[in-house]
Amino acid sequence: MRIYNFEDTTAEVNTDEMFMREALRLAQKAFEEDEVPIGAIIVAQNKIIGRGYNLTERLNDVTAHAEMQAFTAAANFLGGKYLKDCTLYVTVEPCVMCAGASYWTQVSRIVYGAKDEKRGYTTVAPHAMHPKTQIFGGILEEECGALMRSFFRAKR
């Protein structure tokens, strides 16, 4: 038996791409500041409520990942630690630390661009996400991945 879905999902895909482009702008900013080029935003009701990009070099802090910056900004905006009914857009698949943090925030959706084959949570700890969190990968994957490759190519 086949099940057909006749709902138009084009709007959701375009919205995800639009918000991922904003995360990419933040990743570009990180790149320009010689930080690993990852950007993240938190969206609630189609409004950006938190932004972040890697600041590990500037702050000399291994926990200053883009997602952590965005989680903190969004929690401050909302006045609470839970990000239910929010979406995290991040240019690269979260690491296990950021996946764990997303678990505790109870963020509803995570949308990421490029996969991280070496340090991404799916490789290191595939069950790190909250069971109710919906996860979507591959949004603007080529652009997100190209920025990372360019950054590390220049470092080698």
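Below 30°, between 30° and 60°, or above 60°: for Y103 and H130 the angle between ring planes is between 30° and 60°, a tilted geometry.
Between F151 and D34, the shortest heavy-atom distance links the atoms CE1-OD1, 3.7 Å. What you find for K118 and T123 is that their closest heavy atoms are O-CG2, 4.3 Å. In this structure, A101 and M68 approach most closely via the heavy-atom pair CB-SD, 3.5 Å. Contact between A99 and P94 at its shortest, heavy atoms only, is N-CB, 4.2 Å. Annotation for Q69 and G52: closest pair CB-CA, 3.7 Å, computed over non-hydrogen atoms. In terms of heavy atoms, S102 sits closest to I110 at OG-CD1, 3.7 Å.
Taken to the nearest 0.5 Å, the CG atom of L55 stands 9.0 Å off from the CG atom of D61. Rounding to the nearest 0.5 Å places CH2 of W104 at 9.5 Å from NZ of K81. Annotation: the span from C144 atom SG to K115 atom NZ amounts to 14.0 Å, rounded to 0.5 Å. Rounded to the nearest 0.5 Å, atoms CD1 (I48) and SG (C86) are 12.5 Å apart. Between atom OG1 of residue T91 and atom CD of residue E141 there is a gap of 12.0 Å, rounded to the nearest 0.5 Å. Summarising the geometry, atom OG1 belonging to T105 is positioned 10.0 Å from atom OH belonging to Y82; distances are rounded to the nearest 0.5 Å.
With no hydrogens or angles considered, no side-chain donor-acceptor pair links T56 and N54 at under 3.5 Å. Between the side chains of E93 and T122, at least one donor-acceptor pair of N or O atoms lies under 3.5 Å.
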- [ ] Go through Y112 and L88 one step at a time and tell me if the side-chain contact (heavy atoms from CB on, under 4.5 Å) criterion holds.
- [x] CA-CA 8 Å; Y112 67 86; L88 165 67; over 6 Å; no

inquiry  = Does V111 form a side-chain contact (heavy atoms from CB on, under 4.5 Å) with F19? I'd like the steps, not just the answer.
reply    = CA-CA 9 Å; V111 178; F19 285 124; over 6 Å; no

Checking I135 against Y121 for the side-chain contact (heavy atoms from CB on, under 4.5 Å) test, could you report, in this order, the C-alpha distance in whole Å, the side-chain angles of both residues, the deciding distance, and whether it holds?
CA-CA 12 Å; I135 302 162; Y121 85 93; 3.2 Å; yes

Exercise for review: Step by step, work out the side-chain hydrogen bond (donor to acceptor under 3.5 Å, both in side chains) result for E33 and Y53.
Suggested key: CA-CA 10 Å; E33 294 180 18; Y53 61 91; 3.0 Å; yes

### Message
Using side-chain contact (heavy atoms from CB on, under 4.5 Å), reason through E17 and I139 one step at a time and then give a plain yes or no.
### Response
CA-CA 6 Å; E17 287 181 7; I139 302 296; 4.0 Å; yes

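A distance-only check finds no donor-acceptor pair linking the side chain of S150 to the backbone of A146 [under 3.5 Å]. Not a single donor-acceptor pair under 3.5 Å links the side chain of E67 to the backbone N or O of A40. Although no hydrogens or angles enter the test, the distance criterion places no donor-acceptor pair under 3.5 Å between the side chain of S108 and the main chain of K84. A distance-only check finds a donor-acceptor pair linking the side chain of E35 to the backbone of E57 [under 3.5 Å]. In this structure a side-chain-to-backbone donor-acceptor pair under 3.5 Å is missing from T87 to V43.
Salt bridge present: E22 and R25 bring a charged side-chain N and a carboxylate O closer than 4.0 Å. The residues D16 and R21 are annotated as not salt-bridged, no charged nitrogen and carboxylate oxygen being separated by less than 4.0 angstrom.
Looking at M148 and V92, their side chains come closer than 4.5 Å, going by heavy atoms from C-beta outward. Looking at heavy atoms from C-beta onward, H65 lies out of side-chain contact with F71 at the 4.5 angstrom threshold.
Grouping the Ile, Leu, Val, Met, Phe, Trp and Tyr side chains by contacts below 4.5 angstrom, directly or via other members, places L24 with F136. Following chains of ILVMFWY side-chain contacts shorter than 4.5 Å, one can reach F77 starting from V107, so the two form part of one hydrophobic cluster. Placement of M97 and V124 in two distinct hydrophobic clusters is found when ILVMFWY residues are connected by side-chain heavy-atom separations under 4.5 Å, directly or transitively.
Residue R119 places its CZ atom among 12 or fewer non-hydrogen atoms of other residues, nucleotides or ligands, all under 6.0 Å distant. Other residues, nucleotides and ligands contribute at most 12 non-hydrogen atoms within 6.0 Å of the CD atom of Q45.
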